Asks: 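The structure under discussion is supplied below as structure tokens; questions concerning it will follow.
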Amino acid sequence: MEVPILKQGLYLIASIQSALTDADLSALREALIERVGKYRARGVIVDVTALDVMDSFAVRTLRDIAHMARLRGAETVIVGIQPEVAFAMVQLGLTLKGVSTALDLEEGLAYLDRQGQERLERVRGRVTRG
Amino acid sequence: MAEELLVPITSDVDVVSARQKGRELAAEAGFSSGDQTVIAAAISEIARNILMYAKRGEIALRTVMNGDLDGVIIVARDQGPGIPDVARALQDGYSTSGGLGLGLPGARRLMDDFDVVSIPGKGTTVTMKKWRRRHA
Ligand SMILES: Nc1ncnc2c1ncn2[C@@H]1O[C@H](COP(=O)(O)OP(=O)(O)OP(=O)(O)O)[C@@H](O)[C@H]1O
Ligand SMILES: [Mg+2]
């Protein structure tokens, strides 16, 4: 089951549509990292609303995606973790340390916009000071 | 009701189908959707361990009644290398594969009963159960 990746401005949005196998998750990781470079994306959103379970492999892969994307200059936000999925994750001891999360796609986009704005302001600050 | 569902585990697709079958069975047994997710997550970890360490195995799923309790019983069996030190494997963070080492201890936390029998060179059997009180 391939995960569709949409390009929206400077962002890439991967919307998981159904349960994923380990191979599907790894393929998603590869596709996202490749496209961050190809489209010079500044943000990545992975929508996991449709995921019925987040186990250790899924969490590890999402963490890898976020860390690799950051190394390529893009910020990642995981959106749509369902309450029951979150409960099971906590019991398993799984965390998304160092990875940004948001309630849903809208919040995720707003988060990335804010991040982009801050980045811009930092650059402007340097220019006027310099 | 006492019927057993057997899911062979030989590829990552089977991990997904085992946890989906577990979820369906839990739903039939009246578990809340939160508990269904918990059971599915535990199955996912144990099924992946079979695949990763033993290459193949099977997961048997069934429902049981015990007094005023309804339960699901999940038995995961493989004829893989076995676990030399089960107590250690059940500790958070212990992994021989560079993993998070959370699969076994995490599944144990998710379920009510959890038992590992492993004989090095012969294989591993993980039995886990989840119970719920039947409402009259
Ligand atoms: N079915 C099995 N056969 C043989 N060894 C096993 C089996 N299941 C678990 N083990 C051993 O127990 C260890 C702990 O398993 P556990 O699932 O907790 O962590 P992990 O698989 O290493 O990492 P992860 O957090 O990704 O699951 C494994 O590293 C492995 O050595
Ligand atoms: Mg494991």
Side-chain angles (χ1 to χ4, degrees), chain A residues 1-4 14-31 46-68 78-99 101 103-104, chain B residues 9-27 31-53 74 76 89-95 97-112 114 128 130:
Chain A
M1 191 73 180
E2 203 178 308
V3 178
S15 311
I16 296 172
Q17 307 287 322
S18 65
L20 297 182
T21 64
D22 295 357
D24 296 333
L25 276 162
S26 300
L28 173 64
R29 181 189 59 210
E30 304 317 317
V46 183
D47 188 344
V48 300
T49 308
L51 274 194
D52 60 322
V53 163
M54 285 250 252
D55 60 12
S56 54
F57 190 86
V59 164
R60 187 145 30 117
T61 308
L62 291 174
R63 262 155 60 166
D64 287 350
I65 287 173
H67 297 155
M68 287 172 163
I78 309 297
V79 306
I81 296 177
Q82 296 304 298
E84 289 155 5
V85 173
F87 176 82
M89 279 175 69
V90 170
Q91 295 278 98
L92 275 171
L94 297 171
T95 62
L96 278 169
K97 242 183 285 158
V99 182
T101 52
L103 197 58
D104 54 22
Chain B
I9 305 291
T10 57
S11 81
D12 63 350
V13 180
D14 301 326
V15 175
V16 174
S17 72
R19 72 175 184 233
Q20 283 173 344
K21 297 230 166 75
R23 178 187 286 280
E24 282 163 25
L25 199 73
F31 281 92
S32 69
S33 74
D35 277 341
Q36 292 168 32
T37 300
V38 157
I39 291 164
I43 293 175
S44 202
E45 294 298 341
I46 298 313
R48 178 168 300 98
N49 280 352
I50 290 181
L51 204 57
M52 186 172 280
Y53 304 109
I74 296 138
L90 281 166
Q91 282 169 16
D92 274 4
Y94 177 77
S95 175
S97 65
L100 299 170
L102 290 173
L104 281 179
R108 173 152 81 165
R109 281 190 290 271
L110 290 171
M111 302 298 282
D112 294 325
F114 194 87
M128 44 190 198
K130 189 92 181 163

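A, B, ... follow the sequence lines: proteins, then strands. Residue 1 opens every chain. Since the model is a prediction, treat every value here as computed from it, not as a measurement.
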Asks: Given the options A/Glu84, A/Met89, A/Gln91, which has more heavy-atom pairs under 4.5 Å with chain B than any of the others?
Replies: A/Glu84
Asks: Any non-hydrogen side-chain atom of B/Ile46 less than 4.5 Å from a side-chain atom of B/Phe114?
Replies: yes
Asks: Are more than 12 heavy atoms, taken from residues, nucleotides or ligands other than B/Arg108, located less than 6.0 Å from that residue's CZ atom?
Replies: no
Asks: Report yes or no: do A/Asp64 and A/Thr61 form a side-chain donor-acceptor pair below 3.5 Å?
Replies: no
Asks: Are A/Val3 and A/Asp24 packed together at the side-chain level, in the sense that at least one heavy-atom pair is separated by less than 4.5 angstrom?
Replies: no
Asks: Measure B/Val16 against the heavy atoms of chain A and call it side chain, backbone, both or neither at under 4.5 Å.
Replies: side chain
Asks: Can a salt bridge be assigned to the pair B/Asp92 and B/Arg109 using a cut-off of 4.0 Å between side-chain N and carboxylate O?
Replies: yes
Asks: Output the option from B/Gly103, B/Gly99, B/Ser44 having the highest count of non-hydrogen pairs under 4.5 Å with chain A.
Replies: B/Ser44
Asks: Between B/Ser33, B/Ala42, B/Ala107, which shows the greatest number of heavy-atom pairs under 4.5 Å with chain A?
Replies: B/Ser33
Asks: Heavy-atom distances under 4.5 Å only: say whether B/Arg48 touches chain A with side chain, backbone, both or neither.
Replies: side chain
Asks: At a 4.5 Å cut-off on heavy atoms, which part of B/Gln36 comes close to chain A: side chain, backbone, both, or neither?
Replies: neither
